[in-house]
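Below you'll find the structure, written out as structure tokens, and then a few comments.
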Amino acid sequence: MSRQKRVIMAVIIFGSFIYIVLTQAVHILGGAPGEPVHPEIRKFCSSASRKNVNIEYEDSNLPVIYVVTPTYRRPEMVAELTRLGQTLTMVKRIHWIVAEDSHTCSPPITSLLDRLGLSYTHLASPMPEVYRREKYVPRGVSNRRAALQWVQENGEDTGVLYFLDDDNAIDIRLFNEMRLTQTVSMWPVGLIGEYTVSSPVVKGNQVVGFYDGWPAGRKFQVDMAGFAVNIGYLKKQKKVTMPYIAGHEEDGFLKSLNLNLKDIEVKADGCTNILVWHTRTAKNPSRTLRLAHHQATNIKPLTDNMRKMGRLTMSAEQRTNLKFLVQLGKTPSEALGMLQKVYGMRQCHAHVFLSGARGSKRAGRTWKMTPGVEDPQRAGMRPMLSVSSRWCVTIVG
Ligand code: UDP
Ligand code: MN
């Protein structure tokens with residue numbers, strides 16, 4: 001090796017060493033718990049500022065409610081957002097911020113937002129990989145943080161910020177309750193936790209504590225759907241944040257607002273009514289598609305549409321073919337490309353990587369599948385999958 005090459009190698013090795021030491025030092029010494037060490041990726045996709053076309057008269061003096069909905073790609077995503085979005089069409093002066101846990105914005109969501117006729121902003125911000133690997137994953141934090149930044153930069157001071165997850169159910173009367181929030185307002189959330197309800201404890205119209213099945217040392221024992229914040233008040237706070245700590249997102253956020261219990265505005269008839277529920281949607285297991293006899297029927301475009309909206313599985317036939325192609329010496333991307341050609345998986349952005357499993361007795365037979373670059377938020381979530389067992393491919397449009 002020439003002297004020049006040796007110097008370059010030494011610089012690279014030394015540089016990497018310094019980088020690792022510094023990032024670890026920042027991790028250990030610096031930053032409050034739950035604060036990200038690496039830069040977060042944020043992508044602004046589109047926005048519309050308009051009158052709600054579904055409502056005849058909208059008083060432009062009413063404060064705007066900025067509803068932040070984190071979401072992520074899965075078969076239920078379009079269904080959840082359609083239901084929630086259509087509820088929001090009934091409400092005056094709403095700006096809906098849909099923030100995807102992803103590198104990119106999903107086209108079916110873009111067209112939904114366009115159709116609904118609401119003011120909206122569509123963002124994407126993938127969860128950093130380091131949190132994806134944690135035992136308790138802080139779900140929806142990166143995307144909520146991106147939306148928070150958007151609200152801090154673009155929200156009207158008279159407006160109100162409200163976090164509403166994509167699977168929750170809401171009574172539109174709650175928006176009237178929260179619209180005139182001056183600092184932070186709170187109310188009960190139904191269908192949650194040990195007590196099936198989570199609520200501030202109120203005495204003489206003041207919050208004196210919390211009734212919640214999971215205290216966990218939290219100062220503010222509330223669910224994400226149980227409070228709203230005035231934007232002018234939010235903007236006055238020095239360091240607003242939401243920590244990447246599962247279960248402590250709300251508490252961390254509210255603490256960062258320097259909020260005292262006595263400042264909380266009590267809503268929903270002194271916290272006696274339930275106007276929002278922490279409902280959850282059952283996960284739909286992946287199903288196998290058999291398309292061999294349907295290349296010329298409606299089933300083909302139907303399943304193409306389903307692929308654009310979520311996840312489909314490979315059929316046993318496709319699995320066998322994939323295995324066969326790999327045994328013929330095709331590279332994974334060649335093999336997948338051929339399958340896409342035959343089965344018309346034009347929307348398939350997933351890449352299948354096949355490799356002998358290290359340490360496996362059946363090395364070479366057990367194939368590892370990791371998701372492709374288009375959908376990195378799923379990375380690290382899938383275990384090794386054997387070809388003969390369940391095998392699914394994430395296909396996103
Ligand atoms: N979410 C997300 N990324 C994920 C998992 C969840 O953005 O990897 C979103 C999800 O769409 C929902 C919110 O974060 O709006 C809370 O997630 P979930 O409903 O799964 O959590 P739980 O109801 O158990 O708090
Ligand atoms: Mn949920």
Side-chain angles (χ1 to χ4, degrees), residues 32-34 65-70 80 84 87 91 135-141 144 148 160-231 233-234 237 240-282:
I65 299 175
Y66 297 85
V67 177
V68 169
T69 299
E80 304 276 37
L84 190 58
T87 299
V91 185
K135 188 172 174 203
Y136 299 104
V137 173
R139 290 191 291 257
V141 174
R144 284 195 200 96
L148 191 56
V160 170
L161 164 68
Y162 181 49
F163 293 108
L164 180 60
D165 288 353
D166 59 3
D167 54 345
N168 288 177
I170 189 162
D171 181 323
I172 55 171
R173 288 175 297 167
L174 185 58
F175 294 105
N176 299 336
E177 297 280 326
M178 72 174 79
R179 196 178 298 272
L180 298 178
T181 299
Q182 297 301 301
T183 51
V184 174
S185 55
M186 291 191 183
W187 48 81
V189 177
L191 300 177
I192 185 166
E194 279 286 294
Y195 306 153
T196 63
V197 69
S198 165
S199 176
V201 176
V202 177
K203 267 191 189 160
N205 208 38
Q206 281 227 331
V207 175
V208 295
F210 296 93
Y211 181 77
D212 186 287
W214 192 67
R218 295 179 296 163
K219 178 176 179 189
F220 300 101
Q221 298 160 28
V222 290
D223 179 64
M224 204 57 90
F227 63 89
V229 184
N230 174 277
I231 310 255
Y233 174 79
L234 181 88
Q237 307 312 313
V240 179
T241 188
M242 181 176 289
Y244 283 97
I245 306 176
H248 292 261
E249 297 92 340
E250 299 89 345
D251 190 40
F253 172 69
L254 291 166
K255 279 179 184 159
S256 83
L257 299 182
N258 297 307
L259 182 69
N260 292 309
L261 288 199
K262 68 173 176 37
D263 301 327
I264 298 170
E265 296 155 52
V266 174
K267 302 291 179 185
D269 286 328
C271 287
T272 58
N273 267 348
I274 293 176
L275 297 169
V276 64
W277 296 265
H278 185 257
T279 40
R280 287 166 132 178
T281 302

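Only a predicted model underlies this, so the values are computations on that prediction, with no experimental measurement involved. This chain uses plain numbering: 1 for the first residue, then up along the sequence. The analysis underlying the following values was restricted to heavy atoms, covering all of them including side chains, and did not include hydrogens, waters or symmetry mates.
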Separation between OG1 (T196) and NE2 (H278), nearest 0.5 Å, reads 13.0 Å
Check step by step if side-chain contact (heavy atoms from CB on, under 4.5 Å) holds for I231 and Y66. CA-CA 9 Å; I231 310 255; Y66 297 85; 3.6 Å; yes
Under the side-chain hydrogen bond (donor to acceptor under 3.5 Å, both in side chains) test, residues paired with S199 that sit two or more places apart: none
Got a sec, which residues hit side-chain contact (heavy atoms from CB on, under 4.5 Å) with L234, two or more places apart in sequence or on another chain? L148, V151, Q152, L161, V229, V240, F253, L257
What pairs of donor and acceptor atoms, side-chain ones from residues 164-178 against any protein atom, are under 3.5 angstrom apart with sequence neighbours left out?
unit_1, atom_1, unit_2, atom_2, d
D165, OD1, R144, NH2, 3.0
D166, OD1, R74, NH2, 3.3
D166, OD2, T71, OG1, 2.8
D166, OD2, R74, NH1, 3.1
D166, OD2, R74, NH2, 2.8
D171, OD1, R173, N, 2.9
D171, OD1, R173, NE, 3.2
D171, OD2, R173, NE, 3.1
D171, OD2, R173, NH2, 2.7
E177, OE1, A268, N, 2.8

Looking only at non-hydrogen atoms, find the nearest pair between P138 and E249 and report the distance. CA-OE2, 3.9 Å
Minimum heavy-atom distance between M186 and V222, given as atom pair plus value: SD-CG1, 3.7 Å
Here the gap from I264 atom CD1 to W187 atom CH2, rounded to the nearest 0.5 Å, amounts to 11.5 Å
On a heavy-atom basis, which atom in P70 and which in G140 lie closest, and how many Å separate them? CB-O, 3.9 Å
Closest approach of A225 and V276, non-hydrogen atoms and distance? O-CG1, 3.6 Å
Can you run down the side chain to side chain donor-acceptor pair (under 3.5 Å) pairs that involve residues 255-271, sequence neighbours left out, and say none if there aren't any? T183-E265, Q237-N258, D251-K255, D269-N273
So does L180 get a backbone contact from the side chain of Q182, meaning a donor-acceptor N/O pair under 3.5 Å? yes
So R179 and V160, side-chain contact (heavy atoms from CB on, under 4.5 Å) or not? Walk me through it. CA-CA 6 Å; R179 196 178 298 272; V160 170; 5.5 Å; no
ring-ring contact (aromatic ring centres under 6.0 Å, His included) with F220: which residues, sequence neighbours excluded? none
Heavy-atom side-chain proximity of I245 to P33 below 4.5 angstrom: yes
Output a table of donor-acceptor pairs, distance under 3.5 Å, between side-chain atoms of residues 206-217 and any protein atom two or more places apart or on a different chain; print 'none' if there are none.
unit_1, atom_1, unit_2, atom_2, d
D212, OD1, W214, N, 2.8
D212, OD1, R218, NH2, 3.1
D212, OD2, S198, OG, 2.7

